[in-house]
Q: 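Please see the structure below; I have some questions.
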There are 2 protein chains.
Amino acid sequence: MPLSPRSLQRNQSLQEQTYQALRTAILSGELTPGQRLVETHLAKKLQVSRTPIREALRQLQREELVVVEPNNILRVATISMSDAVQLYDCRLALEQLSVAEACENATEAQIQNLNMMVMQAEKLINSRPSQLTNFQLLDLDYRFHRLLAESSGNLWLRSLLDQVFDKMMLLRIHTIQNNRDVLEIRTEHRRIYEAVQARNSDAATQAIKAHLVASKERVVREMKNLQQTRGIVQEG
Amino acid sequence: MPLSPRSLQRNQSLQEQTYQALRTAILSGELTPGQRLVETHLAKKLQVSRTPIREALRQLQREELVVVEPNNILRVATISMSDAVQLYDCRLALEQLSVAEACENATEAQIQNLNMMVMQAEKLINSRPSQLTNFQLLDLDYRFHRLLAESSGNLWLRSLLDQVFDKMMLLRIHTIQNNRDVLEIRTEHRRIYEAVQARNSDAATQAIKAHLVASKERVVREMKNLQQTRGIVQEG
DNA sequence: TTACTGTACTCTGTATACAGTTGCCGAATC
DNA sequence: GATTCGGCAACTGTATACAGAGTACAGTAA
């Protein structure tokens with residue numbers, strides 16, 4: 001849903017709706033990394049006053065989806081190659097814990113949902129590639145990982161991983177545009193799912209580790225490609 | 001530094017200063033867990049308008065140092081026993097990565113600083129126990145861990161751990177009041193330091209793991225004690 | 001042509017006004 | 001004495017006004 005006037009309703013606070021709208025716009029790529037954010041413009045676009053905009057921006061700033069320059073200019077955050085590597089390292093640490101605890105604590109309903117996601121992904125991969133299916137795959141990828149985190153039963157782990165996922169999304173929404181191979185999740189997700197379903201903590205840890213290491217490598221390779229062609233993502 | 005009118009200066013934005021003041025007040029225990037936060041009162045206390053207060057509160061809310069109730073009442077966050085356990089699990093995952101990367105990337109200056117902190121702690125422990133030295137020890141403990149995270153060179157790891165540390169601080173500022181034994185960091189910190197200094201990644205990982213497992217156990221024990229006597233920390 | 005300066009414009013930081021909501025208290029009623 | 005209703009007080013949500021900082025641009029002088 002594009003950033004548009006009065007797509008907002010009055011049942012929730014405008015501040016919260018503004019926050020969601022901006023976050024979604026950033027994570028969907030509608031607001032591109034590095035783009036300047038001007039309070040007054042956003043206010044006009046969303047048909048609200050600056051107050052809710054400012055509060056939403058402060059939150060995004062605290063999550064580092066928005067960064068502030070020395071002269072108080074706000075921009076959508078940019079993810080560099082080294083950021084990506086470091087984020088993957090954090091994921092590696094956190095998601096091993098995530099699946100290990102999921103093996104212990106996942107409910108049957110959660111396990112069924114995981115299964116459905118794996119099957120959906122397999123179906124999507126067999127369909128004709130297009131930019132739409134690429135986005136759907138990426139979405140499915142992160143829904144799978146978020147559900148794993150949720151299944152761990154550890155709320156703080158979930159909250160930390162959510163932040164990491166948001167930042168990864170910011171990056172990947174731009175890396176997958178052309179190359180669906182960066183989303184080789186077919187066998188990898190299934191292996192993770194099966195280990196969790198069997199409550200086999202060691203296998204699950206191994207599987208997620210292999211998945212993330214492979215994924216990291218694919219993303220880094222794709223970023224190098226992108227850097228050669230266009231200059232969207234800068235080195236940091 | 002107590003929350004007082006016009007302790008703020010005009011060189012930084014009031015919003016940022018307000019944020020720092022509130023965060024410090026929460027982490028130092030001046031604002032106690034569960035305490036209600038009223039914008040207008042805080043505004044009067046800090047001698048600023050509601051605008052900077054609101055923006056600061058939104059940030060604290062996003063970091064979950066402040067929680068909002070259904071009727072829009074804001075309160076200082078409360079950490080339950082299960083929160084503490086889950087936070088320790090996250091720390092365990094992240095800090096193992098932290099020291100492993102610190103072994104690779106720490107600068108000589110950082111290693112020297114780590115050493116100084118270890119020695120300072122050893123000196124403090126030998127001094128006469130008091131509430132003041134307890135607070136100093138706790139502060140030193142977290143400064144040590146933060147510096148480890150910084151030495152890893154992984155900015156995202158550092159940012160994630162900072163959040164975890166803040167929440168732990170919120171908890172521990174109340175658990176250590178009487179019992180300094182929860183801060184048995186003498187030998188444990190030294191062992192971590194020596195492993196990092198020797199760039200021995202395996203030893204460092206083992207040492208931090210042992211430290212955190214032991215620390216978790218001590219804190220849980222102390223929380224059980226507290227729960228029996230007074231009701232500050234509620235089960236969640 | 002270049003460098004400097006004044007000016008107008010844009011944007012942010014902060015304060016404040018106003019409206020809507022929630023919750024409480026007291027009075028009237030059963 | 002308990003209960004319910006009206007009204008008041010306390011807060012929050014939102015809009016907006018205003019001031020100050022930064023910036024770009026044009027005009028002028030060397």
Side-chain angles (χ1 to χ4, degrees), chain A residues 3-23 25-26 31-77, chain B residues 3-23 25-26 31-77:
Chain A
L3 218 52
S4 65
R6 231 3 59 133
S7 53
L8 310 182
Q9 299 145 27
R10 292 274 166 183
N11 47 2
Q12 264 191 106
S13 80
L14 291 183
Q15 181 274 131
E16 179 62 20
Q17 292 177 68
T18 305
Y19 166 76
Q20 292 296 345
L22 291 177
R23 178 171 169 281
I26 291 174
L31 294 173
T32 59
Q35 180 171 345
R36 178 161 180 197
L37 299 171
V38 175
E39 293 173 4
T40 44
H41 299 178
L42 295 173
K44 189 180 281 182
K45 209 163 197 170
L46 292 172
Q47 299 278 24
V48 297
S49 78
R50 278 176 58 212
T51 309
I53 299 278
R54 287 177 66 83
E55 293 175 10
L57 287 174
R58 291 294 178 217
Q59 294 190 60
L60 293 165
Q61 201 178 318
R62 192 51 52 190
E63 298 174 64
E64 298 176 79
L65 286 178
V66 160
V67 293
V68 55
E69 293 182 358
N71 43 1
N72 285 334
I73 286 179
L74 293 177
R75 294 188 186 281
V76 178
Chain B
L3 218 51
S4 66
R6 245 340 78 127
S7 53
L8 309 182
Q9 299 145 27
R10 292 275 166 180
N11 46 3
Q12 264 192 107
S13 78
L14 290 182
Q15 181 275 129
E16 179 62 21
Q17 292 176 68
T18 304
Y19 167 77
Q20 293 296 345
L22 290 177
R23 178 172 170 280
I26 291 174
L31 294 171
T32 58
Q35 178 170 347
R36 178 161 180 197
L37 299 172
V38 175
E39 293 173 6
T40 44
H41 298 178
L42 294 173
K44 188 179 281 182
K45 208 163 197 169
L46 292 172
Q47 298 279 22
V48 298
S49 78
R50 278 176 58 212
T51 308
I53 300 279
R54 287 178 65 82
E55 293 175 9
L57 286 175
R58 293 292 177 220
Q59 295 191 58
L60 292 166
Q61 203 178 316
R62 191 54 50 189
E63 298 174 65
E64 299 176 79
L65 286 179
V66 161
V67 294
V68 55
E69 293 183 359
N71 44 1
N72 286 332
I73 286 180
L74 293 177
R75 294 189 186 280
V76 177

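A quick note: this is a predicted structure, and the numbers were derived from the prediction, not measured. In what follows, chains carry the letters A, B, and so on, assigned in the order in which the sequence lines appear, proteins first and then strands, with residues in each chain numbered from 1.
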Q: Which atom pair, heavy atoms only, marks the closest approach of B:Gln17 to B:Gln12?
A: NE2-O, 2.7 Å
Q: Side-chain N or O of A:His41 less than 4.0 angstrom from OP1 or OP2 on C:dT10?
A: no
Q: Mapping A:Ile73 and B:Arg50 onto DNA chain D by nearest heavy atom, which one lands closer to the 5' end?
A: B:Arg50
Q: Restricting to non-hydrogen atoms, name the atom on B:Ala56 and the atom on B:Thr18 that form the minimum distance, rounded to 0.1 Å.
A: CB-CG2, 3.9 Å
Q: In whole Å, I'd like the distance from the NZ atom of B:Lys44 to the P atom of D:dT12.
A: 13 Å
Q: To the nearest Å, how far apart are A:Gln47 CD and D:dT14 P?
A: 15 Å
Q: Side chain of A:Glu39 only, heavy atoms from C-beta on: which candidate in C:dT12, D:dC11, C:dT14 is closest?
A: C:dT12
Q: In whole angstrom, what separates A:Leu46's CG from D:dG13's P?
A: 19 Å
Q: D:dA10 P sits how many Å from B:Leu42 CG, rounded?
A: 17 Å
Q: Base, sugar-phosphate, or nothing for A:Leu74, non-hydrogen atoms under 4.0 angstrom?
A: nothing
Q: Which of residues 52-72 of chain A sit near DNA chain D, with a heavy atom under 4.0 Å from it?
A: A:Pro52, A:Asn71
Q: Tell me every residue that passes salt bridge (charged side-chain N to carboxylate O under 4.0 Å, His left out) with A:Arg23, counting only those two or more places apart in sequence or in another chain.
A: A:Asp166
Q: Honestly, is B:Arg58 close enough over B:Tyr19, meaning NZ or CZ under 6.0 Å from the six-membered ring centre and within 45° of the axis?
A: no
Q: Is B:Ser49 close enough to C:dT14 that one of its side-chain N or O atoms is under 4.0 Å from OP1 or OP2 there?
A: no
Q: Could you report the tightest heavy-atom contact between B:Leu74 and B:Gln61, atom names first, then the distance?
A: CD2-OE1, 4.0 Å
Q: Just to verify, what does B:Arg36 make a salt bridge (charged side-chain N to carboxylate O under 4.0 Å, His left out) with, not counting sequence neighbours?
A: none
Q: Take the protein atom CG of B:Leu14 and the nucleotide atom C1' of D:dC18, then report the distance between them rounded to whole Å.
A: 15 Å
